[in-house]
Amino acid sequence: MPAFDKARLLLAITLGSLALGSALALTGVSAWLITRAWQMPPVLDLSVAVVAVRTFGISRGVLGYCERLASHDTALRAAAEARGEIYRRLAHGPAGVTARLHSGDLLARVGADVDTLTDVLVRALVPIGVAGILGIAATAVIAAISPSAAVILAICLLVAGLLAPALAARAVHAQEAVARRLQSDRDIAAVTALEHSAELRVAGRLPTLITQAEQRQRDWGAAIDRAAAPAAAAAAVPTLAIGASVIGAVIVGIGIAAHTAPTTLAVLMLLPLAAFEATMNLPAAAVALTRGRIAQTRLTDLVPAQAATTPVIVATGAHAPELRASEVRAGYPGSPVGQPISLILQPGARLAVTGASGAGKTALLMTLAGLLPPVSGEMTVDGAPIGSLSESELRSAICYFAEDAHLFSTTVRDNLLVARGDCDDDELMRTLAAVGLADWLDSLPDGLSTVLGGGVAAVSAGQRRRLLLARVLLCPAPVVLLDEPTEHLDAADGQRILRALLDNRHGLLPQGRTVVIATHQLGNDITCPRLSIGNGG
């Protein structure tokens, strides 16, 4: 749950209570004024009540607007702080936390789930606080007229304020969980279509993916509607409670009419109508709390609290460690797992992992990098279980480069410095030349200082692949794991780069570095150890 500013939260509740308190007072004074005017007193006897009606009518709107300003300001501040904290934990925490999730799911969690949590303040905490204060105030006023009427009002307020929200929360929980899952599925499909539209269009799969995204949008909307239905049914309970309270007040009023002023009776019968204005929002508040708990669970899974306590410091490894996998089966949580793999990678080894798309090559590389835990078997780094290494130790030894690694909407220089921050411009230009981007760099208006507006949208698929490859060359880790490094390059260039990466004598990477490449485009003329993965993964 985001850390709301308690002082600002209290201010929002106070302003909301004053706004609905003005409505309560407006109802009471109006009831007195109408009844007293029926008795036709001198006009001056009504002047104070007339002014009070105008005052409470105006103050209700003004205070309500001020409450919205205060509550939304508090919620937006909390959302900004929550996102900053999430980004800090993601940056300092285990890399595997984000590597296991699709970018669409990450977007849903960091975006929609944080918004849902901050909505709890506006839609739940403030309405609950206001309803509690207003209910106590209304009951106290009625108790001054008739204790029995106050008891009836209190019971009806408890039914409307506790029973109805409980019914709404209980009924909506399962549907909301399904809706959140469908929302993630929708975002995954949409982000995939946006990020890979060119390749999908060439493959003829883009219309199908767009259709799937639209269907998931409809499924999500239907799930939201199903989740709202119980809350709508529960919203009828406060209406029934209002009716019961008014009938009770009428019955009590008839009993005390003989010795009670008509103006007091009017207040007794009309005041409960205003008292329930705050409780009408409580079923929706219960739904907001339910959604908030689901969103909080998803965010806690994404960024566990301990992730924020250990900054990741990546240093240049003194030597390439020995990687050993013993009967390791790799796979994503909830997905089919691959075949058992046993291998030993000595320092400076070169290995090509081949297999068709979907065979499990990416999952294996992520397991070797410590981003995914082995489903079974054991992974060791220089004899130490991979799970015993700290994040800093692991990233200083092994670095995984994903096929869809991100390009940032900043300069070419900054996009390369994410691999190693101490590079000078000469080294960056030599690296770009080594991956075939020298002419491209010369064509840029500001060279390394050219801003790639929109990130990946500013370059072609081949240029993006070469920029990501330049990061590999700059990376200080002695073990590098590359997932499809030549995808989107023409066949000749792709084979030439693969040959240079896998050559342990005169290649792009020094002889002492361990290189593992997952690819389905390895030519027969490239001589290096190969590991073929079947379709079991």
Side-chain angles (χ1 to χ4, degrees), residues 4 6 8-32 52-53 55-72 74 120-166 168-169 231 234-249 252 264 266-289:
F4 297 117
K6 293 181 179 179
R8 292 177 180 272
L9 175 59
L10 182 60
L11 175 62
I13 293 175
T14 301
L15 290 171
S17 300
L18 291 174
L20 289 186
S22 295
L24 189 70
L26 177 62
T27 302
V29 174
S30 298
W32 184 93
V53 166
T55 300
F56 290 132
I58 294 172
S59 64
R60 178 187 179 181
V62 172
L63 291 170
Y65 179 73
C66 292
E67 178 270 320
R68 290 300 179 94
L69 288 179
S71 61
H72 283 74
T74 306
V120 168
L121 181 141
V122 177
R123 301 180 184 274
L125 298 183
V126 171
I128 289 172
V130 171
I133 294 173
L134 196 66
I136 293 173
T139 304
V141 172
I142 295 297
I145 301 173
S146 171
S148 56
V151 171
I152 295 174
L153 177 61
I155 294 174
C156 292
L157 285 172
L158 289 175
V159 170
L162 297 178
L163 178 60
V237 175
T239 303
L240 297 175
I242 292 174
S245 176
V246 172
I247 292 173
V252 171
T264 304
V267 173
L268 176 67
M269 295 179 185
L270 293 181
L271 201 62
L273 294 174
F276 282 89
E277 185 173 352
T279 61
M280 298 295 289
N281 296 324
L282 294 184
V287 173
L289 284 174

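The model shown is predicted, which means the values in this text are computed figures rather than measured ones.
Contact detail for Ala19 and Gly64: the closest heavy-atom pair is CB-N, 3.5 Å. For the pair Leu15 and Ala70, the tightest heavy-atom approach, listed with the atom from each and the gap, is CD1-CB, 4.0 Å. Contact between Val53 and Ser30 at its shortest, heavy atoms only, is CG2-OG, 4.0 Å. The minimum heavy-atom distance linking Pro272 with Phe276 is given by the pair O-CD1, 2.9 Å. Shortest non-hydrogen contact noted between Ala12 and Glu67 is O-CG, 3.3 Å.
Among residues at least two apart or in separate chains, side chain to side chain donor-acceptor pair (under 3.5 Å) pairs with a member in residues 270-282 are Arg60-Glu277.
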Worked check of side chain to side chain contact (heavy atoms under 4.5 Å, CB included) between Leu121 and Val126: CA-CA 6 Å; Leu121 181 141; Val126 171; 4.1 Å; yes
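In this structure, the separation between CG on Leu11 and OG1 on Thr74 is 7.5 Å, given to the nearest 0.5 Å. The distance from the CG atom of Leu20 to the CG atom of Leu24 is 9.0 Å, given to the nearest 0.5 Å. Between the CD1 atom in Ile58 and the CG atom in Leu63 there is a gap of 11.5 Å [rounded to 0.5 Å].
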Could you tabulate the donor-acceptor pairs under 3.5 Å formed by side-chain atoms of residues 237-248, not counting sequence neighbours?
none

Review item, side-chain donor-acceptor pairs of residues 127-156, under 3.5 Å, at least two apart:
{"residue": "Thr139", "atom": "OG1", "partner": "Gly135", "partner atom": "O", "Å": "2.8"}
{"residue": "Ser146", "atom": "OG", "partner": "Ser148", "partner atom": "OG", "Å": "3.0"}
{"residue": "Ser146", "atom": "OG", "partner": "Ala149", "partner atom": "N", "Å": "3.3"}

